[in-house]
Structure formats: structure tokens, C-alpha cells
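Working notes, structure below.
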Amino acid sequence: MMENQKIAVIGGGNLGVAIAEGLLQSQAVAPQSLWVTRRRIQLIQYLEEKGIHLLSDNVHAVKQANIVILAVKPGKINEVLQEIKPHLDLEKHILVSVVTGVSLVDIQEQIGKNIILFRAMPNTAIAIRESMTCVSSNNATEAQQHLILTLFAYLGKAVMIGDELMAAATVLGACGIAYSLRYIRAASQGGIEIGFDAETARLIAAQMVKGAASLLLETGHHPEQEIDKVTTPQGCTIVGLNEMEHQGFSSALIKGIISSFNKIDHISQNYKS
């Protein structure tokens with residue numbers, strides 16, 4: 001448990017609520033140490049039944065907490081930063097942004113003070129505490145980095161990266177959820193064609209992907225090591241893999257990742273302009 005930590009989540013949308021609920025479910029913090037804000041507070045009223053404090057006042061929430069998580073939409077971040085920056089205490093607060101496409105430099109310029117600042121990019125699996133969260137900071141101590149990594153480790157796995165890699169992390173770790181789900185959908189459709197009903201095909205495909213990912217995470221092996229174990233000479237696996245590669249499987253995936261990266265880079269440039 002993260003003792004003595006009081007956390008305010010500014011922006012009770014899907015991501016902000018997922019963070020708050022994940023921290024509560026994992027017992028990282030007690031409910032009375034969590035504040036969530038939203039203008040239309042009635043939309044998240046159920047959180048109050050779990051003991052989480054709900055507010056429509058961002059400033060009041062900031063004053064209660066020592067860790068402030070910004071989970072607003074990119075178009076709202078400047079407005080919210082201007083609202084809360086007079087109340088950010090250099091000695092008390094750590095500010096964590098999970099806002100897509102807004103760099104540490106952009107946020108620091110808006111704040112105008114050298115507050116301890118982090119940027120984090122989780123993915124939607126944070127809702128079940130299985131997120132891959134990439135975290136960056138340009139002014140935090142090792143102890144502060146450890147604190148924020150520990151916070152997001154309660155919600156899955158977390159790793160520190162340079163802020164210049166955050167756009168790439170967004171594509172690989174967050175957009176990647178959609179890529180993986182699209183593979184599962186396609187595999188399920190193939191399963192139906194070879195004889196399974198839709199529900200069984202989806203179960204087999206999803207559990208297979210979960211198992212494949214767990215193999216790499218548990219063993220630390222390169223994917224090809226595990227591929228070699230199931231590609232026997234003249235077997236059905238290698239025939240299927242080769243046909244997928246002939247049809248551009250790996251190439252299409254790589255091109256998709258690069259296209260997403262170029263798009264997010266374009267969004268970031270538009271924000272700066």
C-alpha cells in the first residue's frame with residue numbers, strides 16, 4: 001500500500017475513473033485518500049459509494065492531495081493548468097499527466113514553476129489492472145520516480161522512458177491494444193471458417209494471445225525462440241506463418257505502427273502551434 005499518499009485525479013472520464021478504481025481495487029490507497037473531479041459529477045456518482053471523494057472543484061481536489069493526476073482531454077489541459085497552477089506547491093505536489101500528445105516541456109511552460117512533473121501513458125487494460133504504462137520525467141529524483149512507477153505498477157506493468165519516446169510509447173503500448181484485438185478478431189473469424197462457433201473461436205484466440213504474451217513476460221525469451229518450438233519441419237505452423245508473411249503480415253503491422261506514429265506526431269505539432 002502507498003502509505004501517506006493522497007491522490008487527486010483531475011478529470012473523471014474513462015481513463016481517470018479506471019485509474020481511481022484500479023488503485024482502489026488493488027488496495028494501493030484507501031478510498032478516503034482518493035479524490036476524483038468532473039464537471040458533471042452525477043455521471044460518476046457511483047464512485048462515492050466506494051468511499052472515493054467526488055468534486056467538481058479542481059482546485060479543492062489539488063489542495064487535498066500530494067499526487068495530482070491530470071486525466072483531462074488534450075483540448076482542456078491548458079485551461080485546467082491555468083486554473084490549478086497557483087495552488088501547486090513545489091514542496092508538496094507531484095504532477096502526473098496522462099494527457100496524450102502534450103509533452104513535459106509543454107506542461108512546464110504552462111505552469112511556469114519547477115514543480116515535480118511526470119508524464120504517463122497507460123492503455124485501456126488499466127481498467128483490469130493489466131496496463132503497460134510508460135512513464136517519463138525531466139526533473140524527478142530516483143525516489144520520486146520509484147514512487148510513481150510503484151503507483152502505476154498497481155495497475156499493470158510500468159517502465160521509465162525518455163519523454164522523447166512518449167509518442168512512440170503511445171503507439172506501441174496504447175494503440176497496440178487495438179492492433180492486438182484486431183488480430184484476435186481475425187483469428188476468431190478464421191476459427192469460425194474451420195469449424196468453431198463464434199464464442200468458442202473467440203475464447204481460443206483470446207486465451208492463446210494471453211498465453212503467448214505471458215510466455216514472453218515470464219521467460220524473457222525473444223518471440224522467435226517460442227516460435228521455433230512450434231514450427232516443426234514441413235508442419236502446419238510454418239506453412240501458415242509463411243503464407244501470412246507472403247501476404248505481408250509483418251510488413252502491414254510495422255507500416256501500421258509507423259503510420260500511427262506519424263499521425264500522433266502531427267497532432268503534437270498542431271498542439272504546439
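Worth saying up front: this structure is predicted, and the values here are computed from it rather than measured.
- Distance alone, capped at 3.5 Å, places no donor-acceptor pair between the Ser136 side chain and the Gly162 backbone.
- Note that the CD1 atom of Ile44 and the CD1 atom of Ile52 stand 8.5 Å from one another [nearest 0.5 Å].
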Side chain to side chain contact (heavy atoms under 4.5 Å, CB included) between Phe196 and Leu203, intermediate numbers included
CA-CA 10 Å; Phe196 291 104; Leu203 171 64; over 6 Å; no
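- One hydrophobic cluster, built from ILVMFWY side chains closer than 4.5 Å, holds both Leu253 and Val171.
- Heavy-atom neighbours of Lys50 NZ from other residues, nucleotides or ligands within 6.0 Å: above the threshold of 12.
- Phe152 has its side chain within reach of Val98: a pair of non-hydrogen atoms, C-beta onward, lies under 4.5 Å apart.
- Residues Ala71 and Val9 share a closest heavy-atom pair of CB-CG1, 4.2 Å.
- The environment of Asn14 atom CG is sparse: at most 12 non-hydrogen atoms of other residues, nucleotides or ligands sit within 6.0 angstrom.
- Every side chain to side chain contact (heavy atoms under 4.5 Å, CB included) that Thr141 has, sequence neighbours left out, goes to Ala143, Gln144.
- In terms of hydrophobic clustering, with Ile, Leu, Val, Met, Phe, Trp and Tyr side chains grouped at heavy-atom distances under 4.5 Å, Phe249 and Ile184 are assigned to a common cluster.
- At distances below 3.5 Å, at least one donor-acceptor pair connects side-chain atoms of Gln108 with backbone N or O atoms of Lys113.
- Among residues at least two apart or in separate chains, side-chain hydrogen bond (donor to acceptor under 3.5 Å, both in side chains) pairs with a member in residues 175-191 are Tyr179-Ser260.
- Atom CE of Met244 is surrounded by 12 or fewer heavy atoms from other residues, nucleotides or ligands within 6.0 Å.
- Here the CD atom belonging to Glu21 is positioned 11.5 Å from the CD1 atom belonging to Ile19, to the nearest 0.5 angstrom.
- Residues Leu90 and Ile84 are members of one and the same hydrophobic cluster, defined by side-chain heavy-atom contacts under 4.5 angstrom among Ile, Leu, Val, Met, Phe, Trp and Tyr.
- Using modelled atom types, one side-chain atom of His93 and one backbone atom of Ala65 make a donor-acceptor pair closer than 3.5 Å.
- Within the 4.5 Å cutoff, no side-chain heavy atoms of Leu155 are placed close to those of Thr133.
- The nearest pair of heavy atoms linking Pro122 to Ala174 is O-CB, 3.9 Å.
- In this structure, the side chain of His87 does not engage the main chain of Asn58 through any donor-acceptor pair within 3.5 Å.
- Residues His53 and Gln64 form no side-chain contact, since every pair of their non-hydrogen atoms from C-beta on lies 4.5 Å or further apart.
- Once rounded to the nearest 0.5 Å, the distance linking CD1 of Ile94 with CD1 of Ile148 reads 4.5 Å.
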So Leu215 and His221, side chain to side chain contact (heavy atoms under 4.5 Å, CB included) or not? Walk me through it.
CA-CA 8 Å; Leu215 268 176; His221 289 169; over 6 Å; no
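- For the 3.5 Å distance criterion, the side chains of Asp163 and Ser103 fail to qualify, holding no donor opposite an acceptor.
- Taking each heavy atom of Leu104 and Phe118 in turn, the nearest pair found is CD2-C, 3.7 Å.
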Would Leu81 and Leu70 count as a side chain to side chain contact (heavy atoms under 4.5 Å, CB included) here? Give the steps.
CA-CA 9 Å; Leu81 287 173; Leu70 287 175; 3.6 Å; yes
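- Within the 4.5 Å cutoff, the side chain of Lys6 has heavy atoms near those of the Trp35 side chain.
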Between Lys229 and Glu226, does a salt bridge (charged side-chain N to carboxylate O under 4.0 Å, His left out) hold up when you go through it step by step?
CA-CA 5 Å; Lys229 293 178 182 178; Glu226 298 300 330; 3.3 Å; yes
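- Around atom CG of Asn4, no more than 12 heavy atoms belonging to other residues, nucleotides or ligands sit under 6.0 Å away.
- Using a 4.5 Å heavy-atom cutoff, the side chains of Ile67 and Leu147 are in contact.
- Side-chain atoms of Ser33 and Gln5 include no donor-acceptor pair closer than 3.5 Å.
- Under a 3.5 Å cut-off, the side chain of Asn139 and the backbone N or O of Ile115 do form a donor-acceptor pair.
- Distance CG/Leu88 to CD1/Ile116: 12.0 Å, rounded to 0.5 Å.
- The 12-atom threshold is not exceeded at CD of Glu142, counting heavy atoms of other residues, nucleotides or ligands nearer than 6.0 Å.
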Before you tell me yes or no, could you show the steps for Tyr154 and Gln27 under side chain to side chain contact (heavy atoms under 4.5 Å, CB included), namely the whole-Å CA-CA distance, both residues' side-chain angles and the distance that decides it to 0.1 Å?
CA-CA 9 Å; Tyr154 278 103; Gln27 299 183 333; over 6 Å; no
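- Taking every heavy atom of both residues into account, Ser97 and Ile107 meet most closely at CB-CD1, 3.4 Å.
- Hydrophobic clustering places Val96 together with Ile7 (ILVMFWY residues linked when any side-chain heavy atoms are closer than 4.5 Å, directly or through intermediates).
- Contact record, Ala168 with Phe261: N-CE1, 3.7 Å, taken as the closest heavy-atom pair.
- The cluster map of Ile, Leu, Val, Met, Phe, Trp and Tyr, joined by side-chain heavy atoms under 4.5 Å apart, puts Ile126 and Leu149 in the same cluster.
- Side chain of Arg119 to backbone of Ser137: no donor-acceptor contact under 3.5 angstrom is found.
- Residue Ser259 holds its OG atom at 13.0 Å from CD1 of Ile264, rounded to the nearest 0.5 Å.
- In terms of modelled atom types and a separation under 3.5 Å, the side chain of Ser131 and the main chain of Ala125 share no donor-acceptor contact.
- Shown here for Ala61 and Ala8, the closest heavy-atom pair between the two residues is O-CB, 3.6 Å.
- Judged purely by atom type and a 3.5 angstrom limit, Lys92 uses its side chain to pair as donor or acceptor with the backbone of Lys63.
- A donor-acceptor pair under 3.5 Å is formed between the side chain of His222 and the backbone N or O of Glu224.
- Applying the side chain to side chain donor-acceptor pair (under 3.5 Å) test between Gln110 and each of Gln82, Glu79, Lys85 identifies Gln82 as the sole match.
- Side chain of Arg38 to main chain of Leu54: no donor-acceptor pair is present (N/O by atom type, distance under 3.5 Å, no hydrogens or angles).
- In this structure, CG on Leu23 lies 5.0 Å from CG on Leu151, to the nearest 0.5 angstrom.
- For Gln45 and Gln42, the side-chain atoms include no donor-acceptor pair closer than 3.5 Å.
- Residue Leu165 belongs to a hydrophobic cluster whose other members are Met121, Met132, Val159, Ile161, Met166, with links defined by side-chain heavy atoms closer than 4.5 Å.
- Looking at Ile238 and Thr232, their side chains never come closer than 4.5 Å, going by heavy atoms from C-beta outward.
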